[in-house]
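To keep things clear, I will list the structure first and then write my remarks on it.
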Amino acid sequence: MKKFEILQTLITEKLVAVIRGNSPEEAVALTKGAIEGGITSIELTYTTPFVHEVFTALKDSGALIGAGTVLDAETARHAILHGAQFVVSPSFNESIAQVCNRYSIPYLPGCMTIREMVKALEAGCDVLKLFPANNFTPGFIKSVKGPLPNVNIMPTGGINASNMKEWLEAGAVAVGIGSDLNRAYKEGGYEAVVATSKNYRAQLSK
């Protein structure tokens with residue numbers, strides 16, 4: 001899949017499931033539950049032990065699989081070589097942008113200020129992650145689009161089924177979710193993840 005196709009998929013699907021597993025097995029179960037529930041854009045975080053095993057296990061899942069919590073260029077390259085179709089980091093890192101550009105992989109860095117956003121845009125980032133989004137209100141997107149009308153923002157952190165549409169209606173191109181899925185897995189296992197994912201999809205369609 002080409003870079004523009006990956007970006008278009010992220011924007012069309014609207015939901016990105018941020019998967020943080022305590023083990024590869026847990027991350028695989030969480031991901032498969034999310035996919036079965038209708039969330040097919042997945043961010044596998046590098047806080048998951050042996051996350052490369054998760055990439056391998058999901059290579060034929062049919063979902064769009066990216067890498068999250070990528071802190072340096074070495075990790076970005078590792079993720080890309082293991083099949084990551086996009087790369088996400090909690091803050092902007094120029095060396096990560098260079099690696100992703102080299103491989104034509106979308107890089108979604110975490111940004112909170114106009115200065116950070118401008119630097120990321122200048123480095124070729126097409127979608128910026130507003131993180132942590134729970135420090136802001138949806139109206140922040142409109143404020144940013146004053147000086148930066150071309151910026152595409154994906155809020156992550158504190159996004160849930162009850163507030164995600166407010167963010168999307170405020171101009172977010174997609175949202176990152178995750179806490180609800182992890183909570184569901186701990187409380188009810190795989191089937192609870194499927195149900196929670198279906199609820200997100202249902203809320204998005206209303």
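These figures come from a predicted structure and were not determined experimentally.
A donor-acceptor pair under 3.5 Å links the side-chain atoms of Asn101 to the main chain of Ala123, judged by distance alone. Remark: the backbone N or O of Leu71 is not paired with any side-chain donor or acceptor of Thr75 at under 3.5 angstrom. Under a 3.5 Å cut-off, the side chain of Asn152 and the backbone N or O of Asp126 do form a donor-acceptor pair. Proximity of a side-chain donor or acceptor of Thr48 to a complementary backbone N or O of Gly21 within less than 3.5 Å is detected. Here the side chain of Lys145 pairs a donor or acceptor atom with the backbone of Val151 at under 3.5 angstrom.
Within the structure, every pair that satisfies the ring pair (Phe, Tyr, Trp, His ring centres under 6.0 Å) test and touches residues 129-169, not counting sequence neighbours, is listed here: Phe136-Phe140. Residue pairs satisfying the side chain to side chain donor-acceptor pair (under 3.5 Å) criterion with at least one member in residues 185-198, sequence neighbours excluded, are listed as follows: Glu36-Tyr190.
Once rounded to the nearest 0.5 Å, the distance linking CG of Leu168 with CG of Leu204 reads 6.5 Å. Here Leu7 contributes atom CG and Ile105 contributes atom CD1; the two are 10.0 Å apart, rounded to the nearest 0.5 Å. Residue Thr137 holds its OG1 atom at 8.0 Å from CD of Glu166, rounded to the nearest 0.5 Å. The line from SG of Cys100 to CZ of Arg77 is 12.5 Å long, rounded to the nearest 0.5 Å. If you take OG on Ser41 and CD on Gln85, they are separated by 9.0 Å, rounding to the nearest 0.5 Å. Summarising the geometry, atom CZ belonging to Arg201 is positioned 6.5 Å from atom CD1 belonging to Ile39; distances are rounded to the nearest 0.5 Å.
Across Pro90 and Lys129, no two heavy atoms sit closer than the pair CA-NZ, 4.1 Å. Heavy atoms only, all atoms of each residue included: Ser91 and Pro109 are closest at O-CB, 4.0 Å. Summarising the geometry of Lys3 relative to Gly124, their closest heavy-atom pair is NZ-O, 3.9 Å, with the distance given to 0.1 Å. Taking every heavy atom of both residues into account, Pro106 and Ile6 meet most closely at CG-CG2, 3.8 Å. Of all heavy-atom pairs between Ala133 and Ile159, the closest is CB-CD1, 4.1 Å. Across all non-hydrogen atoms, the minimal contact from Ala76 to Val70 is N-CG1, 3.5 Å.
At a threshold of 4.5 Å between non-hydrogen side-chain atoms, the residues Glu43 and Ile19 do not count as touching. In this structure, Leu30 and Asn182 have side chains that are in contact, with non-hydrogen atoms separated by less than 4.5 Å. Side-chain contact check for Leu130 versus Cys111: every heavy-atom pair is 4.5 Å or farther apart.
Connection of Val144 to Val175 is established within a shared hydrophobic cluster, with ILVMFWY side chains joined at heavy-atom distances below 4.5 Å, either directly or through further cluster members. Note: the hydrophobic cluster containing Phe4 does not contain Val127 (ILVMFWY, side chain heavy atoms under 4.5 Å, direct or indirect links). Both Leu128 and Leu15 are part of a single hydrophobic cluster, where members link through side-chain heavy atoms under 4.5 Å apart. Met1 and Val173 end up in the same hydrophobic cluster when Ile, Leu, Val, Met, Phe, Trp and Tyr side chains are linked at under 4.5 Å. In the hydrophobic clustering of this structure, Leu10 does not group with Tyr107; members are Ile, Leu, Val, Met, Phe, Trp, Tyr whose side-chain heavy atoms approach within less than 4.5 Å, directly or through other members.
Residues near Phe50 contribute nothing to a hydrophobic cluster around it, because no ILVMFWY side-chain heavy atom sits closer than 4.5 Å to its side chain.
In this structure, the side chain to side chain contact (heavy atoms under 4.5 Å, CB included) partners of Pro132, at least two apart in sequence or on a different chain, are Met112, Asn134, Asn135. Every residue two or more places apart in sequence or in another chain was checked for a side chain to side chain donor-acceptor pair (under 3.5 Å) with Arg102, and none qualifies. Scored by the side chain to side chain contact (heavy atoms under 4.5 Å, CB included) test, Thr113 finds Arg115, Glu116 as partners (sequence neighbours excluded). Every residue meeting the side chain to side chain contact (heavy atoms under 4.5 Å, CB included) condition with Asn160, not counting sequence neighbours, appears here in chain and number order: Ser162, Asn163, Asp180, Tyr200. For the side chain to side chain contact (heavy atoms under 4.5 Å, CB included) test, residues two or more places apart in sequence or in another chain that qualify with Asn22 are Glu26. Among residues two or more places apart in sequence or in another chain, the side chain to side chain donor-acceptor pair (under 3.5 Å) test is passed with His78 by Tyr46. Considering only residues two or more places apart in sequence or on other chains, Thr12 meets the side chain to side chain donor-acceptor pair (under 3.5 Å) condition with Gln8.
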Extract all donor-acceptor atom pairs below 3.5 Å that involve side chains of residues 55-67 and protein atoms in other chains or at least two apart in sequence.
unit_1, atom_1, unit_2, atom_2, d
Thr56, OG1, His52, O, 3.1
Ser61, OG, Leu58, O, 2.9
Ser61, OG, Ala63, N, 3.2

Name every donor-acceptor pair, under 3.5 Å, that has one atom in a side chain of residues 92-99 and the other anywhere in the protein, sequence neighbours excluded.
unit_1, atom_1, unit_2, atom_2, d
Asn93, OD1, Ser95, N, 2.9
Asn93, OD1, Ser95, OG, 2.4
Asn93, OD1, Ile96, N, 3.0

task = Check the pair Thr45 / Val18 against side-chain contact (heavy atoms from CB on, under 4.5 Å), numbers first and verdict last.
result = CA-CA 7 Å; Thr45 69; Val18 182; 3.6 Å; yes
task = Please assess Ile42 against Leu44 for the test side-chain contact (heavy atoms from CB on, under 4.5 Å), listing each intermediate value before the final yes or no.
result = CA-CA 6 Å; Ile42 307 294; Leu44 300 175; 3.8 Å; yes
inquiry  = Leu108 vs Val87, test: side-chain contact (heavy atoms from CB on, under 4.5 Å). Steps then yes/no.
reply    = CA-CA 6 Å; Leu108 290 66; Val87 171; over 6 Å; no
inquiry  = Evaluate Val118 against Leu148 for side-chain contact (heavy atoms from CB on, under 4.5 Å), listing each step before the verdict.
reply    = CA-CA 8 Å; Val118 169; Leu148 300 175; 4.0 Å; yes
